[in-house]
Student: 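Below are the structure tokens for one structure; questions will follow.
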There are 2 protein chains.
Amino acid sequence: MFGLHQLRCFVAVADHLHFGQAASQLNMTQPPLSRQIQLLEREIGVPLFDRTSRSVRLTPAGRVFLPEAKRILRLSESAMKWTRRVWRGEAGTLRIGFTAASGYGMLPGLIRQLRGIMPNVDLVLREMVTRLQIEALDSGVLDLGFMRPSVDLRRFAVREHATEAMVVALPAGEATTAPPALPVSDLQDRPFIMYSPDNALYFHDLVTALLDEHQVQPKVVEQVGQIHSMLALVDAGFGAALVPETAARLHFPAVAFRPLADGASPPVRLNAVWRDENDNPALARFLAQAGLDQVGT
Amino acid sequence: MFGLHQLRCFVAVADHLHFGQAASQLNMTQPPLSRQIQLLEREIGVPLFDRTSRSVRLTPAGRVFLPEAKRILRLSESAMKWTRRVWRGEAGTLRIGFTAASGYGMLPGLIRQLRGIMPNVDLVLREMVTRLQIEALDSGVLDLGFMRPSVDLRRFAVREHATEAMVVALPAGEATTAPPALPVSDLQDRPFIMYSPDNALYFHDLVTALLDEHQVQPKVVEQVGQIHSMLALVDAGFGAALVPETAARLHFPAVAFRPLADGASPPVRLNAVWRDENDNPALARFLAQAGLDQVGT
DNA sequence: TTGATCGATGCGTGGATCGGATCGATGTTC
DNA sequence: GAACATCGATCCGATCCACGCATCGATCAA
């Protein structure tokens, strides 16, 4: 098969229709250029030029081959440039997982930030619970995950990405008689919607610890795994719930939000998690730009 | 710049993820294959494989480069095959000129014939008068022309492609009283539409010679260069005209056609004309298939 | 007829690529 | 856990290829 160098020789001769000028453009002398053209013609099995000692003309076959040769050379250049950009993290794909709750708050800003840092990187965004994100990071399906703290994160690189407070979600009817900020004790004996320990272990433990600490025992009327299910139940008047404050962005008509009094809320943590051995340069570039690439746990 | 051989090496390794197997597929040994991959990586400036002594994996940059490399190789193959087909006359472009009058009769059949012989050859068909066709053949704009005899054809290869008879075109009103076949003498003193010596020299000379031979002098009411203009005038009742019989395919409602009696019509000749030095293989292929490629004037 | 131009060809050299042998690292097996 | 097998990297000598220089042969101009 012919080589790219022969294609460059061919294009130069076809453009100049003059071996000497083409050779000097290619920084070589005329004899090897003639040789390369002959080799190319022998390889294809077709004469590409009609040449006398006084004139050089393209044959019809040469006229057909010329744009193909230029296309191949153009593709080779662009393949190289594109690959280099991927290597520098300026192009490529970044696959990101996030929990449903984190999507309400930080996702739009994160996407804006990524678009600003790496406008040519394709983003693949998948909502997954923490456990599934861990598996996906392991198998290489995800480059980066935004998830709740978990004991299984020890083999990964973890940075705290955001913290927020919990707020009380109340049925609108009960909110009219409630003070601007609620002490935890206000939940005592209230109808209360709790997190499921199966699908929302982190929030379950967080709320359980908060209630235990204040020795408060609400009347648990339901256990659910997803925050929007929880708010739907509040909206229907089944009871109150504790949700991260960014969940207030979900506009349920019959739900009112009240902060906890005295800064009683524990911080709800969201971690950025990735594999240290991940070789996606787009990930490295994002971590560097976001200041997350220092060594640590 | 990298070479196509390096791309083939890269694709083989990427497909097998194993240097030894890739090398045997490429009919080479493992050491030079390792070298080629290293050279390619150095050329691009990007590692394409993550390799330990136990495993070979593509880097993200390599994953991007792989489809590009395959595309370049595919394009190179197809460019070579396509160029070979053009060389054999099985593909490419054939530019054909024809006079307006010849288009009425032989063009559809010619196109069918060409499609049968060379289904992958693009046909460019241009209606041009004989003089313009000669110039176009000279400058290489046309490969083949269908034109009337002319003294300027000596430097070209010429074959008689078709002959036909002249017929009389009569206004429909006059046709009812005319016999089935008209002697030339019938034109004596008739209103008659003549060919212009500027734009239709061949027909002008042909008709003039015919009339002179029979010592007939019609009343020339108009001189025009195009046959459809001529029939339009007959249709409008201005007079009679002599036209090639295939012109009867132009359906003018008030025009009737009558043959000349006694085979008095001179043959109207149509030549196929081309440059002997023309190197378009599609032309050579057509000439060979049509049996026109024997030597001669 | 002479000289200039231009692509093709002969030839010697230097660099690139090849295959064989071997190294070093890693995972497997008993 | 020590011997073994596997696999990519590296070293080295032989070969091949592409380069430049010199020259040839054909063509066109003066």
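A, B, ... follow the sequence lines: proteins, then strands. Residue 1 opens every chain.
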Student: If the cut-off is 4.0 Å, is B:R35 near the phosphate of C:dC18, judged by side-chain N/O to OP1 or OP2?
Tutor: no
Student: For A:L39, answer base if it contacts any base atom (sugar-phosphate contacts may also be present), sugar-phosphate if it contacts only those atoms, and nothing otherwise; contact means non-hydrogen atoms under 4.0 Å.
Tutor: sugar-phosphate
Student: Under 4.0 Å: is that the gap between some side-chain N or O of A:S34 and OP1 or OP2 of C:dA8?
Tutor: yes
Student: Can you find a donor-acceptor pair, distance only, under 3.5 Å between A:Q38 side chain and C:dA8 base?
Tutor: no
Student: So which one's nearest nucleotide on DNA chain D is more toward 5', B:P32 or A:P31?
Tutor: B:P32
Student: Heavy atoms from C-beta onward define the side chain here; which of C:dT17, C:dG7, D:dC19 lies closest to that of A:Q36?
Tutor: D:dC19
Student: Which whole-number value in Å describes the distance from B:F49 CZ to D:dG8 P?
Tutor: 11 Å
Student: Check the angle between the aromatic planes of B:F49 and B:F10 and answer parallel, tilted or perpendicular using the 30° and 60° thresholds.
Tutor: tilted
Student: Could you tell me how far apart A:R8 (CZ) and D:dC19 (C1') are, to the nearest whole angstrom?
Tutor: 16 Å
Student: Hey, what do you get for SG (B:C9) to CG (B:L26), rounding to the nearest 0.5 Å?
Tutor: 5.0 Å
Student: Can you tell me how far C1' of D:dA9 sits from CG of B:L40, to the nearest Å?
Tutor: 17 Å
Student: Between atom CG in A:L4 and atom P in D:dA18, what is the gap in whole Å?
Tutor: 14 Å
Student: Could you work out which one of C:dA8, D:dC7, D:dG25 sits closest to the side chain of A:Q30?
Tutor: C:dA8
Student: Going by distance alone, is a donor N or O of one side chain under 3.5 Å from an acceptor N or O of the other, for B:S34 and B:Q38?
Tutor: no
Student: Once you apply a heavy-atom cut-off of 4.0 Å, does B:T52 come out as touching a base, just sugar-phosphate, or nothing?
Tutor: sugar-phosphate
Student: With distance as the sole test, does A:R126 use its side chain to make a donor-acceptor pair with the main-chain N or O of A:R95 at under 3.5 Å?
Tutor: no
Student: For the pair made of CZ in B:R42 and C1' in D:dT10, what is the distance, rounded to whole Å?
Tutor: 13 Å
Student: To the side chain of A:H5, which of D:dA9, D:dC19, C:dG7 is closest?
Tutor: D:dC19
Student: Does any part of the side chain of B:R148, heavy atoms only, come nearer than 4.5 Å to the side chain of B:L270, both counted from C-beta?
Tutor: yes
Student: In whole Å, what is the span from the CD atom of A:Q6 to the P atom of D:dC17?
Tutor: 12 Å
Student: D:dC7, OP1 or OP2 - any side-chain N/O from B:H16 closer than 4.0 Å?
Tutor: no
Student: With a non-hydrogen cut-off below 4.0 angstrom, is B:S55 in contact with a base, only sugar-phosphate, or nothing?
Tutor: nothing
Student: In whole angstrom, what separates B:E41's CD from D:dA9's C1'?
Tutor: 12 Å
Student: Give the nucleotide from the list D:dT27, C:dG19, D:dG20 with an atom nearest to the side chain of B:M28.
Tutor: C:dG19
Student: Counting only distance, no hydrogens or angles, is the base of C:dT5 paired donor-acceptor with the side chain of A:R54 under 3.5 Å?
Tutor: yes
Student: Within this structure, what is the CG-to-C1' distance between B:D50 and D:dC7, rounded to whole angstrom?
Tutor: 16 Å
Student: Does any N or O in the side chain of A:Y202 come within less than 3.5 Å of the main-chain N or O of A:T130, such that one atom is a donor and the other an acceptor?
Tutor: no
Student: Considering only D:dG20, C:dG7, D:dG8, which nucleotide approaches the side chain of A:T29 most closely?
Tutor: D:dG20
